[in-house]
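Chain identifiers are assigned alphabetically (A, B, ...) following the order of the sequence lines, protein sequences preceding nucleic acid strands; residue numbering begins at 1 within each chain.
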There are 2 protein chains.
Amino acid sequence: MPNESTPSGRTGRPRSAAADAAILAATRDALVELGWSKLTMGDVSARAGVAKTTLYRRWAGKNELVVDAVAELFDSLELPDRGCLEADVEDVVLQFAALLRRPEARTALMAVVAESTRDPALRDRIRSAIVDRQKRLVVLGRQRAQARGELPREPDDALAEPTTDLIFDVIAGTVVHRALVSSEPVDDLWAASFTALLMHGLRGSAGA
Amino acid sequence: MPNESTPSGRTGRPRSAAADAAILAATRDALVELGWSKLTMGDVSARAGVAKTTLYRRWAGKNELVVDAVAELFDSLELPDRGCLEADVEDVVLQFAALLRRPEARTALMAVVAESTRDPALRDRIRSAIVDRQKRLVVLGRQRAQARGELPREPDDALAEPTTDLIFDVIAGTVVHRALVSSEPVDDLWAASFTALLMHGLRGSAGA
DNA sequence: CTCTTACGCTACGAGCCGTAGCGTAACTCC
DNA sequence: GGAGTTACGCTACGGCTCGTAGCGTAAGAG
């Protein structure tokens with residue numbers, strides 16, 4: 001979890017797990033106070049009570065460090081089971097919006113995505129650490145809805161994944177855009193409107 | 001257009017419009033070659049054949065400069081009139097996707113949005129220079145569709161604007177998320193699937 | 001007790017930032 | 001055509017961050 005090339009040789013002094021936690025927490029604190037652009041490696045190391053060289057031994061740079069620090073925030077996302085897909089989606093939308101209200105997430109998410117446009121390794125790291133963690137909710141919610149007969153099953157398994165991806169991009173993309181680009185509140189009313197729009201779309205267009 | 005506090009006093013030597021164009025073009029070139037994070041003011045000034053001090057006389061910093069440089073790219077977006085809302089939406093989606101394939105746009109858009117989370121002035125600048133330029137297409141397309149009877153009119157004018165905002169966030173947010181976060185191709189097939197989903201949603205949920 | 005690795009600390013060259021100061025160029029008004 | 005005003009190019013600067021090297025010490029494994 002912590003860093004890149006973990007040699008993980010058995011012998012020698014092991015890396016301090018406490019240091020990892022302190023560094024990631026310090027990174028989040030620094031993001032809140034300074035924001036992405038003014039955050040420096042030296043500052044994080046000082047906050048964490050750790051030498052700057054230790055930071056570079058575990059993370060290649062600011063990008064990778066911040067991805068890991070922010071990824072932990074996404075563990076809080078959970079899919080409720082209210083027996084109704086629409087209610088479940090609305091709930092997740094509001095959870096995600098609450099996450100995007102946190103200053104660490106706001107300033108870091110867009111920044112690392114921006115960096116990832118020129119760094120394939122960072123893109124993969126974001127995918128596994130953040131994106132996949134969100135997408136699980138969509139996969140799970142869709143399975144439940146199909147089991148309850150709220151959504152049609154895909155006739156062909158080859159169509160199932162593209163549809164899941166589409167739903168995921170619609171939900172995550174729309175909420176992020178509303179919160180960070182349009183920068184208008186994601187409140188109960190808006191979440192209900194958006195969810196209604198999405199549900200009508202899903203029930204109407206079966207396959208494609 | 002070019003910068004912030006334009007004194008615009010009548011007397012004295014006027015600012016060179018050619019320099020503005022050269023600077024913005026140089027900024028886009030630098031974005032393509034270096035990306036957002038490695039772009040420096042000194043580099044841009046050298047490319048533009050302009051003194052670094054001239055840059056700072058017109059733009060407060062990298063953020064504002066890049067917003068203006070990228071905003072011009074959005075002038076190319078146009079709403080076609082194919083007589084069918086679905087076809088028009090699909091066309092705009094593909095136009096927007098093509099824009100997001102350009103390296104300047106990819107690396108800059110997310111970056112400036114990230115910065116704007118801690119800078120209200122930058123947020124306003126992005127809104128007027130980029131966001132509003134996109135949103136016009138939605139407003140116009142919706143008017144046409146209502147005139148053709150493809151979409152229901154809002155009973156109350158107070159509901160018209162929130163609905164327009166919602167549609168805008170869905171379209172722009174989903175395409176951006178697909179292209180930059182999921183980083184998967186926005187091709188004809190995907191655009192058709194997404195548009196179909198959106199159209200069903202719009203026809204189904206009238207008011208909200 | 002030895003071997004191996006992690007850690008803290010210091011120091012360093014390099015690069016960029018944003019500004020000050022000066023002399024010159026371009027344009028307006030009288 | 002001269003005086004006033006503003007933009008421009010150039011140089012130089014202190015301050016900050018970067019990422020690394022080198023060294024002595026601490027903590028586990030065998």
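With rounding to whole Å, A:L55 atom CG is found 10 Å from D:dC18 atom P. One atom, CZ of B:R57, and another, C1' of D:dT6, lie 10 Å apart when rounded to the nearest Å. Atom pair A:L39:CG and D:dC18:C1' shows a separation of 13 Å (rounding to whole Å applied). Following rounding to the nearest Å, B:N63 (CG) and C:dG18 (P) show an atom-to-atom distance of 9 Å. The interatomic distance linking B:L65 (CG) with C:dC17 (C1') rounds to 15 Å, in whole Å. Protein atom CG of B:L34 is 14 Å distant from nucleotide atom P of C:dG15, rounded to whole Å. When rounded to the nearest whole Å, the span between NZ of B:K38 and C1' of C:dC16 equals 14 Å.
For C:dA6, the base has a donor-acceptor partner in the side chain of A:R13 [N/O atoms by modelled type, under 3.5 angstrom].
The pair B:K62-B:E115 fails the salt-bridge criterion, with no side-chain N (NZ, NE, NH1 or NH2) lying under 4.0 Å from an Asp/Glu carboxylate O. Between A:D119 and A:R123 there is no salt bridge, since none of the side-chain N atoms of the basic residue sits less than 4.0 Å from a carboxylate O of the acidic one. Salt bridge A:R47/A:D29: absent, no basic N to carboxylate O contact under 4.0 Å. A salt bridge does not link A:R136 with A:D132: none of the charged nitrogens is closer than 4.0 Å to a carboxylate oxygen.
Listed pair B:S16 / D:dA7 fails the phosphate criterion, with no side-chain N or O lying under 4.0 Å from OP1 or OP2.
Classification of the A:F96-A:F74 ring pair by plane angle, with boundaries at 30° and 60°, yields tilted.
Taking the side chain of A:Y56 as heavy atoms from C-beta on, and the options C:dT10, C:dG18, D:dC18, the nearest nucleotide is D:dC18. Considering only side-chain atoms of A:T11, the nucleotide from D:dA29, D:dT17, C:dA26 that sits closest is D:dA29. Closest to the side chain of A:R15, out of C:dA6, C:dC27, C:dG8, is C:dA6.
Closest-nucleotide positions on DNA chain D for B:P14 and B:T53 were compared, and the one nearer the 5' end corresponds to B:P14. Residue whose closest nucleotide on DNA chain D sits further toward the 5' end, between A:K52 and B:A51: B:A51.
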